[in-house]
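Sequence lines set the chain letters: A, B, ... in the order given, protein chains first and strands last, and positions in each chain run from 1.
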Amino acid sequence: MVAVYKYGLYAAVATLFILIACVQMVSDRQKPSVPFIALQSLPAPVLSGAMLGLRSAAASLLWLQTIQYIGGTGGGLAGVGDSIERVVALDPKFSYPYAFAVLMLPSEGKEAAEQAIALGKAGIAQNLGDWRIPYYLAMTYHLTLKDTTNAALYMNIAANTPGVPEGIKLSAHNYGLRSDLREETKQIWVAIYENSADEVVRAQAQNNVEHISIMQLLDQAIAAYKKVQGTYPTNLDQLVKAGILPSIPTDPFGIRYGISPEGVLTYQL
Amino acid sequence: MIWRILHTLFVIARSTFIENLRDKVLYGILLFAFMFTTFTLFLGSISLGENTYVIRSLGLAGIYLFGLLITIFLATALVFKEIEHKTFYFILSKPVSRWQVVVGKFGGLWASVAASVVGMLAVYLCVVWYQGGGFDVGAMYAVGYQLLELMVIIALSIFFSTYARPLASVVYVVTFLYIGHSLGLLLGVAKDTPVLQSAAMGLYYALPNLEKFNIREVVLHGALPPLEGVAVVALYSVLYAALLLVGASLLLGRREL
C-alpha cells in the first residue's frame, strides 16, 4: 500500500511535468511571431540607484536586452541608438557599444548616422584604446557621408591605436592612397571580417564584401561586352547571352542591378 | 581586564559564526549564488564578443546581491531572535554586558558573511579564468570593499534588530540601502534649490554613503584603487559601524527584558 502511494506520487510528479510542458508549448504558440522587447528604460542615474549602484551590471543587462531586441526584430535597428546611449551612460568605459553603434546605425538613415557619429566621438573622448571605434567612424564618414577628410582623420587615429591588428593598420595607412574607391571599401570590410569576433558584424562585413565583389564583377563584364560588341549592354541578361557571365549573381542585400546608356552600373533596392 | 573582554567577545563571535554556518537557508542562498555565477557564462556567450565584460560585471553584481541577501537574512533577526526565544536571559546570566553581546554577534556574523562572500568569489574567479579573463585581481579589491560595506549593513541590521521585528528591520535596511546608494543623486537633484541643497548636504553626511564602497566599475576597466583610498574607506566603514553598534547597545541597554 505504501509502495503504491509512493509510486503514485512519482507518477503524479511526472504527469504534472508533462502537463506543464504542454501548457508551455501552447503558450509559446500563442506568442506574436516577432517577439518585441521594448527598449524603454529608466534614465541612467535612476536606473543606477535602482540597481544599488551596480552600473556596469545594469549596462550589461541593457546591452543584452539590446542584442535580444535586434535579434527579435530580425536585425531591426530602430531605437537601438537610444538604447546604446543608455548603456554607455551607465558605463561610459564599456567600449564595444560605441563601436557597434558606429558600424551598424548609419544604415538606418541620416539621423541615425549623426547619432552614430556622436556616439563614436564620445567613445573616442573616453580614451578607451579601442581601435574599432575610430575605424568604424572612418568607415561611416567614408561610406555614408562621403567625407574623405574626416575618414582619413579617423583612419589615422585607428592606425595609431595601441594593439590594432596588422591588417587594420595596413588598411588604415593605405586609406586615400588608391584611386579605386570600390576596392578600397572592399578592403575595409575584408579587414573588419577578419578581425571581428562578433557574428553580427562579421555577417554584415561578409555581405558587404560579396556585394562589392558582385559590383566589380558586373563592371568588368560590362567592359568586356563593350570590347567585344562595340556597344554597352542595355540589361544584365545580355551579358549572359553573350557568354560573358554564366548567370547573374544574386546580391546579398537583394539589390537589382541595371545598366545606364553610358554603361554605368545602376542599382535599386 | 582587556583580555577578558576580548575573550568574551571572541566566544560570542565564535558561537554566532557556528550558529550561522548551521543555518540551512545560508546554503540555499549560496547554491543559488553559485548557479547564478555559472549562468553568467551563458549570458556572456550571447553578448556579441563581450563575454568577459558581461561575466565580470554580472558576476560581481551577483556576489554583491547574494552577499546582501545573506547579510540581511541573518542580521535582521540576530538580536530579536535571542530576545524572542528568551536565550538572551541565559547569555546575560553570565558575566557579560549587553554591548559585548552586540559587538560579539556583529563580529561572528561578519565572519560568516565574509566566509560566504569569499566562497562566491572563489567560484567567480574560476569562471572568469575559465572564460580566458585570467586571474581577476580587481575583483579581490571590489569584494574587499564589499566586505567593508557589509560591515556597515550588518551594524545597521543589528541596530534595527534591537527594537524592531525582523520583517520591519528588513524594510528599514533595504530603505537605507537604496538611500545609501542614491545620496549622490540626491545632491544632484537638490543643487539648484539652496534650502534643499543644505538639507541634502546634511543627509549626505549623516546617512551611510554606501557608494563609497562601490569600485566595481573602476576595477572592471582595469584600474585599481590607491592604497590611501582603501584606508580612508576602511576607516569610514569602521567608524560608521562603531556608531551603529554603540547606538544598538544603548537601545538594548534601555530595553526591559
field: Heavy-atom contact with chain B under 4.5 Å, split by part of A:Leu64
entry: side chain

Per-residue contact mode, A:Phe100 against chain B (heavy atom under 4.5 angstrom): side chain

- request: Can you tell which part of B:Leu177 gets under 4.5 Å to a heavy atom of chain A, answering side chain, backbone, both or neither?
  value: both

statement: In terms of heavy-atom contacts, B:Tyr53 and A:Ser60 come closest through CE2-OG, 3.2 Å

message: If you define the side chain from C-beta out and look only at heavy atoms, does anything of A:Leu52 sit under 4.5 Å from B:Leu210?
response: no

message: Within this structure, what is the OG-CZ distance for the pair B:Ser57 and A:Phe94, rounded to the nearest 0.5 Å?
response: 7.0 Å

message: For the OH atom on B:Tyr27, are there more than 12 heavy atoms of other groups (residues, nucleotides or ligands in this structure) within a distance under 6.0 Å?
response: yes

task: Give a yes or no answer on whether the side chain of B:Glu217 reaches the backbone of A:Arg55 with a donor-acceptor pair at less than 3.5 Å.
output: yes

- prompt: Does B:Leu167 CG have over 12 foreign heavy atoms under 6.0 Å away?
  reply: no

- request: Name the region of B:Leu43, side chain, backbone, both or neither, that has any atom closer than 4.5 Å to a heavy atom of chain A.
  value: both

field: Under 4.5 Å from any heavy atom of chain B - which part of A:Ile67
entry: side chain

message: If you count every heavy atom of other residues, nucleotides or ligands that lies below 6.0 Å from B:Tyr204 atom OH, does the total exceed 12?
response: no

message: Are the side chains of A:Gln68 and B:Ile46 in contact, using a 4.5 Å heavy-atom criterion?
response: yes

- prompt: Tell me, side chain or backbone of B:Leu185 under 4.5 Å from chain A's heavy atoms, or both, or neither?
  reply: side chain

field: B:Phe34, CZ: over 12 other non-hydrogen atoms inside 6.0 angstrom
entry: yes

query: What part of B:Ile179 gets closer than 4.5 Å to chain A, counting heavy atoms only: side chain, backbone, both or neither?
result: neither

- line: If one checks every heavy atom of B:Ser182 against chain A at 4.5 Å, the contacting part turns out to be side chain

query: How many angstroms lie between NE2 in B:His221 and OG in A:Ser56, if you round to the nearest 0.5 Å?
result: 6.5 Å

- request: Go through B:Gly59, B:Ala61, B:Ser47 and name the one with the most non-hydrogen pairs under 4.5 angstrom from chain A.
  value: B:Ser47

- request: Against chain A, label B:Tyr64 side chain, backbone, both or neither, depending on which of its atoms sit under 4.5 Å from a heavy atom there.
  value: side chain

Pairwise side-chain contact, A:Leu54 with B:Leu60, heavy-atom cut-off 4.5 Å (strictly under): no

